[in-house]
S.K.: 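Have a look at this one before I ask anything.
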Amino acid sequence: MKQTLNLIKIGGNIIDDETKLNRFLKDFAQIPGPKILIHGGGKTVTQISGNLGLETTMVNGLRITDAETLRVVTMVYGGLINKTIVAKLQAEDCNAIGFTGADANLIPAAKRAAGKLDFGYAGDIIPGVIRGEKIAFFLDNCFVPVFAPLTHDKAGSLLNTNADTIASALAIALSGQYETKLYYCFEKNGVLTDLENEDSIIEELTLEKYRSLKHEGLIAKGMLPKLDNAFKALVAGVNSVVICHADAIGKMLIQDKKAGTELVKE
Ligand SMILES: Nc1ncnc2c1ncn2[C@@H]1O[C@H](COP(=O)(O)OP(=O)(O)O)[C@@H](O)[C@H]1O
Ligand SMILES: CC(=O)N[C@@H](CCC(=O)OP(=O)(O)O)C(=O)O
């Protein structure tokens with residue numbers, strides 16, 4: 001029987017709030033067995049870019065990453081956020097090790113070709129190139145990998161890659177070796193039918209239901225790329241995919257209770 005691997009992604013709204021981040025990391029540190037944390041931090045980059053006088057442009061949830069913005073995302077994702085999380089986890093006796101996709105060539109990617117729009121240094125992960133066994137080496141040696149949303153082009157440049165996409169690609173790459181469970185944690189209770197009502201959680205979501213809720217405009221903004229990545233993982237063989245509140249991770253993975261929205265096949 002395969003060992004279970006939990007992959008957990010946290011987004012910018014949690015990272016940007018130190019109290020919420022600390023609470024989440026305390027729970028994360030207690031989760032038994034092999035685990036991987038993938039972090040975003042788009043909100044922090046937008047704030048710091050603004051302070052530096054750089055304009056932010058997002059298209060379909062992706063940041064247009066010019067050369068100056070690449071310097072900012074490298075500093076903020078690869079430095080500030082990644083290393084702060086690693087230090088906080090070490091304080092909880094969790095043996096975290098921080099990575100970008102360039103480290104150990106873990107996530108090679110390709111700069112998105114400029115079409116009508118030039119996304120600059122935004123990277124698309126090359127399908128099938130993540131070698132799960134390299135990451136398994138760290139897991140087998142009791143390290144807890146913490147991934148920043150940065151990849152590289154193997155020609156000397158880092159690339160900015162959406163953190164939801166990295167989480168999905170890592171879960172897919174490791175699904176041959178492990179029973180993979182992927183959790184997208186954010187600041188709401190799950191996928192909701194009414195954004196104003198935290199109790200309106202869709203407990204089970206099929207691709208068909210997702211399409212119809214999207215058509216009705218009930219699922220929008222950042223939830224669209226998140227669910228596209230989440231369904232991609234489910235279809236590719238990841239064993240379970242859940243979208244949930246960051247505060248629910250302890251309840252689910254330590255107390256073994258249900259929370260949030262579980263994606264289900266038709
Ligand atoms: N139906 C929905 N249920 C929950 N959130 C939704 C929904 N539709 C849109 N959203 C929005 O999607 C956001 C989450 O996407 P995003 O900001 O990219 O997450 P993250 O913090 O993980 O980066 C929520 O903050 C919410 O505003
Ligand atoms: C190319 C691209 O858009 N990269 C993302 C990476 C960070 C991210 O995904 O952060 P959240 O999870 O907090 O949204 C960005 O720079 O916003």
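Predicted model only: the values in this text are computed from it and were never measured.
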S.K.: For the CZ atom of Phe138 and the CG atom of Asp103, what is their distance to the nearest 0.5 Å?
M.R.: 8.5 Å

S.K.: Do other residues, nucleotides or ligands put more than 12 heavy atoms under 6.0 Å from Asn197 CG?
M.R.: yes

S.K.: Using modelled atom types and a 3.5 Å cut-off, is there a donor and acceptor pairing between side-chain atoms of Thr74 and backbone atoms of Leu70?
M.R.: yes

S.K.: Are Leu117 and Ile64 close enough, and set up right, to give a side-chain contact (heavy atoms from CB on, under 4.5 Å), and what steps lead you there?
M.R.: CA-CA 9 Å; Leu117 253 176; Ile64 297 200; 3.8 Å; yes

S.K.: Is it the case that more than 12 heavy atoms not belonging to Lys188 sit under 6.0 Å from its NZ atom?
M.R.: yes

S.K.: In chain order, what residues pass the ring pair (Phe, Tyr, Trp, His ring centres under 6.0 Å) check against Phe147, with sequence neighbours excluded?
M.R.: Phe99

S.K.: Indicate if Leu106 and Leu37 have the same hydrophobic cluster label, given that clusters are the connected sets of ILVMFWY residues with side-chain heavy-atom separations under 4.5 angstrom.
M.R.: no

S.K.: For Arg211 and Glu208, run salt bridge (charged side-chain N to carboxylate O under 4.0 Å, His left out): C-alpha distance rounded to whole Å, both residues' side-chain angles, the deciding distance at 0.1 Å, then the answer.
M.R.: CA-CA 5 Å; Arg211 286 188 182 129; Glu208 196 184 349; over 6 Å; no

S.K.: For a side-chain contact (heavy atoms from CB on, under 4.5 Å) with Phe28, tell me which candidate from Asn6, Ile85, Val144 qualifies.
M.R.: Val144

S.K.: Using the rule that two of Ile, Leu, Val, Met, Phe, Trp, Tyr join whenever any of their side-chain heavy atoms come within less than 4.5 Å, decide whether Val86 and Leu150 are in one cluster.
M.R.: yes

S.K.: side-chain contact (heavy atoms from CB on, under 4.5 Å), that's the test. Do Ile38 and Leu7 meet it? Break it down for me.
M.R.: CA-CA 7 Å; Ile38 302 98; Leu7 299 102; 4.3 Å; yes

S.K.: Could you tell me whether Lys154 atom NZ has more than 12 heavy atoms of other residues or ligands within 6.0 Å of it?
M.R.: no

S.K.: Honestly curious: do Leu207 and Tyr184 fall in one hydrophobic cluster under the side-chain, below-4.5 Å linking rule?
M.R.: yes

S.K.: Report the residues that fulfil side chain to side chain contact (heavy atoms under 4.5 Å, CB included) with Asp27, sequence neighbours left out, ordered by chain and then residue number.
M.R.: Ile249

S.K.: Quick check against the 3.5 Å criterion: does Asn82 have a side-chain atom that pairs as donor or acceptor with the backbone of Val146?
M.R.: yes

S.K.: Can you confirm whether more than 12 heavy atoms, excluding those of Lys134, are under 6.0 Å from its NZ atom?
M.R.: yes

S.K.: Quick one: closest heavy-atom pair of Tyr77 and Ala148, and the distance?
M.R.: O-CB, 3.6 Å

S.K.: Between Leu234 and Lys265, is any pair of side-chain heavy atoms under 4.5 Å apart?
M.R.: yes

S.K.: Which atom pairs, one a donor and one an acceptor, fall under 3.5 Å between side chains of residues 168-182 and the rest of the protein, sequence neighbours left out?
M.R.:
unit_1, atom_1, unit_2, atom_2, d
Ser168, OG, Asn229, O, 3.0
Ser175, OG, Ile172, O, 2.7
Tyr178, OH, Asp140, OD1, 3.3

S.K.: Look up atom CE in Met75 and atom CD1 in Ile81, then write down how far apart they are to the nearest 0.5 Å.
M.R.: 12.5 Å

S.K.: Mark yes when over 12 heavy atoms from residues, nucleotides or ligands other than Asp256 sit less than 6.0 Å from its CG; otherwise mark no.
M.R.: no

S.K.: Distance check, rounded to the nearest 0.5 Å: Leu213 atom CG versus Ile219 atom CD1?
M.R.: 4.5 Å

S.K.: Got a sec: does the CD of Glu18 have more than 12 other heavy atoms crowding it under 6.0 Å?
M.R.: no

S.K.: For the pair Thr261 (side chain) and Ile202 (backbone), establish whether a donor and an acceptor sit closer than 3.5 Å, ignoring hydrogens and angles.
M.R.: yes

S.K.: Under 3.5 Å, is there a donor-acceptor pair between the Asn105 and His152 side chains?
M.R.: yes

S.K.: Taking Tyr183 for its side chain and Lys9 for its backbone only, find out whether a donor-acceptor pair lies under 3.5 Å.
M.R.: no

S.K.: Counting heavy atoms not belonging to Glu216, are there more than 12 under 6.0 Å from its CD?
M.R.: yes

S.K.: State, yes or no, whether a side-chain contact exists between Ile201 and Thr193 at a heavy-atom distance under 4.5 Å.
M.R.: no

S.K.: Do other residues, nucleotides or ligands put more than 12 heavy atoms under 6.0 Å from Glu55 CD?
M.R.: no

S.K.: Check whether Leu224 and Leu218 end up in the same hydrophobic cluster, where Ile, Leu, Val, Met, Phe, Trp and Tyr are linked by side-chain heavy atoms less than 4.5 Å apart.
M.R.: yes

S.K.: Using atom types as modelled and distance alone, determine if a side-chain donor or acceptor of Asn189 lies under 3.5 Å from a backbone N or O of Leu192.
M.R.: no

S.K.: Report yes or no: does Ser200 contribute a side-chain atom to a donor-acceptor pair with the main-chain N or O of Asp194 at less than 3.5 Å?
M.R.: yes

S.K.: Looking at CE of Met223 and CG of Asp164, how far apart are the two atoms once the value is rounded to the nearest 0.5 Å?
M.R.: 8.5 Å

S.K.: Is Phe143 reachable from Leu25 through a run of hydrophobic residues whose side-chain heavy atoms are each under 4.5 Å from the next?
M.R.: no

S.K.: So how far is it from Thr100 OG1 to Ile166 CD1, rounded to the nearest 0.5 Å?
M.R.: 9.0 Å

S.K.: CE/Met58 to CZ/Arg63 distance, rounded to the nearest 0.5 angstrom?
M.R.: 5.0 Å

S.K.: Any sub-3.5 Å donor-acceptor pair from Asp118's side-chain atoms to Ala114's backbone N or O?
M.R.: no

S.K.: Apply side-chain contact (heavy atoms from CB on, under 4.5 Å) to residues Ile31 and Cys94 and explain how you reach the verdict.
M.R.: CA-CA 10 Å; Ile31 297 167; Cys94 171; over 6 Å; no

S.K.: Write down the atom of Ala29, the atom of Lys35, and the distance for their closest heavy-atom approach.
M.R.: O-NZ, 3.0 Å

S.K.: Only counting residues at least two apart or in another chain, list the ones meeting side chain to side chain donor-acceptor pair (under 3.5 Å) with Glu203.
M.R.: none

S.K.: Which atom pair, heavy atoms only, marks the closest approach of Pro145 to Leu139?
M.R.: CD-CD2, 3.6 Å

S.K.: For residues 219-253, pull every pair meeting ring-ring contact (aromatic ring centres under 6.0 Å, His included), keeping only residues two or more places apart or in separate chains.
M.R.: Tyr210-Phe231

S.K.: Applying ring pair (Phe, Tyr, Trp, His ring centres under 6.0 Å), name anything that partners Phe186, two or more places apart in sequence or on another chain.
M.R.: none

S.K.: Taking the side chain as C-beta and beyond, is there a heavy-atom pair between Thr19 and Arg23 under 4.5 Å?
M.R.: yes

S.K.: For Ile126 and Ala110, work out which heavy atoms get closest and say how close.
M.R.: CG1-N, 4.0 Å

S.K.: How far apart are the closest heavy atoms of Ile125 and Thr151, and which atoms are they?
M.R.: CG1-CG2, 4.3 Å

S.K.: Apply side-chain contact (heavy atoms from CB on, under 4.5 Å) to the pair Lys226 and Ile243, showing each step before the final yes or no.
M.R.: CA-CA 9 Å; Lys226 194 183 296 302; Ile243 318 273; 4.2 Å; yes

S.K.: Centre of Tyr121's six-membered ring, under 6.0 Å away, within 45 degrees of the axis: is that where NZ or CZ of Lys111 sits?
M.R.: yes

S.K.: Please determine, by modelled atom types, if Thr65 and Asn160 share a side-chain donor-acceptor pair under 3.5 angstrom.
M.R.: yes

S.K.: Which pair of heavy atoms, one from Leu227 and one from Leu263, lies closest together, and at what distance?
M.R.: CD2-CD2, 3.9 Å

